[in-house]
2 protein chains.
Amino acid sequence: MAQSDTVDRILDAAEELFAERGFSETSLRMITSKAKVNLAAVNYHFGSKNALIHAVFARFLTPFSATLEKAFDELEESCGDQPPTLNQTLWALTESAVRMPQRNEKGISIFMRLLGLAYTQSQGHLRKFLEQEYGDPFSRFMRLLKAATPQLSAVDRYWRIQFMLGATAFTMSSSDALRDILQNKTGVETSVQEIAMRLVPFLAAGMQAGDTMLVPPKGSKVSVA
Amino acid sequence: MAQSDTVDRILDAAEELFAERGFSETSLRMITSKAKVNLAAVNYHFGSKNALIHAVFARFLTPFSATLEKAFDELEESCGDQPPTLNQTLWALTESAVRMPQRNEKGISIFMRLLGLAYTQSQGHLRKFLEQEYGDPFSRFMRLLKAATPQLSAVDRYWRIQFMLGATAFTMSSSDALRDILQNKTGVETSVQEIAMRLVPFLAAGMQAGDTMLVPPKGSKVSVA
DNA sequence: GTCTGTTTTAAACATACGTTTGAAGCCAAT
DNA sequence: ATTGGCTTCAAACGTATGTTTAAAACAGAC
């Protein structure tokens, strides 16, 4: 097929370049020349650069959110009437991400980086698009987190969820670069799965931290407001 | 003084706009019109847009790294021959950041967001500049972390430090927006200090998480590579 | 008051961008 | 063979960007 070949080549090239360089820093000319298609093809097939960005996300997120919903369904069913634990919830998310069919070996890490960029680069249109299209599974995840951490006050939970999001988005958004640094330093190769397996315990521990440590050490100048 | 007035107004406007919109998405015309100076003033005083970006970072980082070095000096001295604990190290950093003289109330959160962007947006020149100019205090912080977490393998420590950086940069960088959301939801006011007081225990707990949780729950399809 | 070096200004420059155009190419159905 | 609807293509469009220029404005020293 001629059409979908061009469309897919554009999506592949765009996905990779966006992940490498960010959205604003990637021009349509870079994308089309990497995809070996004519410059006008993007506007012909997608309508605009922003619509292409949306399409890149939709190609991954639509099947992913379906997978995730199913994983949450199974998890809640297997738990009977008691809510899933924090660990179970985090792992359900992680596994859904890792098990997504990948276009190539970098598939998931490229996409993680894109998600990080989506959160980080304040592209208003992207944020709106993601909220509108994929807000439901996100809300569900939040509800599960709430049920899994009943010991936390609403305010504590709120902030700790932000911390989790931050650690995840940030790490994933620079994971290629970080992996390269680590490999240069130690010669150790790191897969996205391994990063996830290190991240989840970190998040779970932070989420469940006691608040005894809330008090700064003796002599600290940070005062409780 | 005419010069430094113009220079400072440019730096103020640039700092704020960069933090709001990122580097590539902020044009010199936006900056100069916000600063109410002539367009050419940037190239006259700084030489180029990239040099302006460097100057924005230097204005904050140079005094901050001095403060931080002093805090580390005091901390190590007060600890005698045994290394500072993780908690002490994190609090030394936090206090140095919070106590920096701020140009306005948003000062610290604006700058946190800039640091996050510096890490995220792959602006090669910025990364090189930061490493070159401020690599030393950063390395020292890393050494302290290493001494404070002898139980961690080098690889574990490496990734958990990335997670800490992520949670911090991400949260602080969007703390204004987050604070507003929280206030609208719960009517609770939150200061940067309070966020830090919630963040540090989260980080310390994550950093010191046992690795028993490294194993996914029963039935998980994520395999140890 | 005049001169000197610095700073500000308006205008222009070259380049890169996203997008549009209209013709050409293609392929299946008639 | 010809039609008709997609798709591709080279070229151009208008706009925005970072940077440069050369003249004007300014300030302090003599």
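Residue numbering restarts at 1 for every chain, and letters A, B, ... go by the order of the sequence lines.
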- According to the interplanar angle, ranging from 0 to 90°, do the rings of A/Tyr134 and A/Phe129 count as parallel (below 30°), tilted (30 to 60°) or perpendicular (above 60°)? perpendicular
- Message: By nearest atom, which of the nucleotides D/dT8, C/dT19, D/dT19 is closest to the A/Leu39 side chain?
- Response: C/dT19
- Reckon A/Thr26 touches a base, only the sugar-phosphate, or nothing at all at heavy-atom distances under 4.0 Å? sugar-phosphate
- Query: Is it true that A/Glu76 and A/Arg140 make a salt bridge, defined as a side-chain N closer than 4.0 Å to a carboxylate O?
  - Reply: yes
- Let me see the working for A/Thr171 and B/Gln162 under side chain to side chain donor-acceptor pair (under 3.5 Å), right down to the final yes or no. CA-CA 6 Å; A/Thr171 305; B/Gln162 301 301 339; over 6 Å; no
- Message: So for atom NZ, which belongs to A/Lys146, do other residues, nucleotides or ligands contribute more than 12 heavy atoms lying within a distance under 6.0 Å?
- Response: no
- Query: Where the side chain of A/Ser27 is defined as all heavy atoms beyond and including C-beta, which of C/dG18, D/dT7, C/dT7 is the nearest nucleotide?
  - Reply: C/dG18
- Message: Just to be sure I understand the geometry, which residues of residues 48-56 of chain A put a non-hydrogen atom under 4.0 Å away from DNA chain C?
- Response: A/Ser48, A/Lys49
- Task: To the nearest Å, give me how far apart OH (B/Tyr44) and P (D/dA23) are.
- Result: 17 Å
- Message: Given D/dA10, D/dT19, C/dT8, identify the nucleotide with an atom nearest to the side chain of B/Leu28.
- Response: D/dT19
- Taking OP1 and OP2 of C/dT7, is either one under 4.0 Å from a side-chain nitrogen or oxygen of B/Thr6? no
- Note on the structure: Per atom distances to the B/His45 side chain, the nearest of D/dT7, C/dT8, D/dT21 is C/dT8
- Query: To the nearest angstrom, how far is A/Asn43 atom CG from D/dT7 atom C1'?
  - Reply: 14 Å
- Between D/dT17, C/dA10, D/dC9, which nucleotide has the shortest distance from any of its atoms to the side chain of B/Arg29? D/dT17
- Side-chain contact check for B/Met30: nearest option of D/dT20, C/dG18, D/dT17 is D/dT17
- Task: Counting heavy atoms from C-beta on, name the nucleotide in C/dT20, C/dA10, D/dT7 closest to the side chain of B/Asn38.
- Result: C/dA10
- Task: Could you please spell out the steps behind the salt bridge (charged side-chain N to carboxylate O under 4.0 Å, His left out) verdict for B/Glu15 and B/Arg59?
- Result: CA-CA 10 Å; B/Glu15 184 178 279; B/Arg59 183 170 64 152; 3.4 Å; yes
- Query: Under 4.0 angstrom, heavy atoms only, what part of the nucleic acid is A/Ala40 near: base, sugar-phosphate, or nothing?
  - Reply: base
- Starting at atom CZ of A/Phe18, determine the distance to atom C1' of C/dG18, rounded to an integer number of angstrom. 12 Å
- Query: Between A/Phe57 and A/Phe111, what is the ring plane arrangement, given parallel below 30°, perpendicular above 60°, and tilted in between?
  - Reply: perpendicular
- Starting at atom CD of B/Glu25, determine the distance to atom C1' of C/dC17, rounded to an integer number of angstrom. 14 Å
- Note on the structure: Rounded to whole Å, CG of A/Asp5 lies from C1' of C/dC27 at a distance of 16 Å
- Ring geometry between B/Phe202 and A/Phe202 (parallel below 30°, tilted from 30 to 60°, perpendicular above 60°): perpendicular
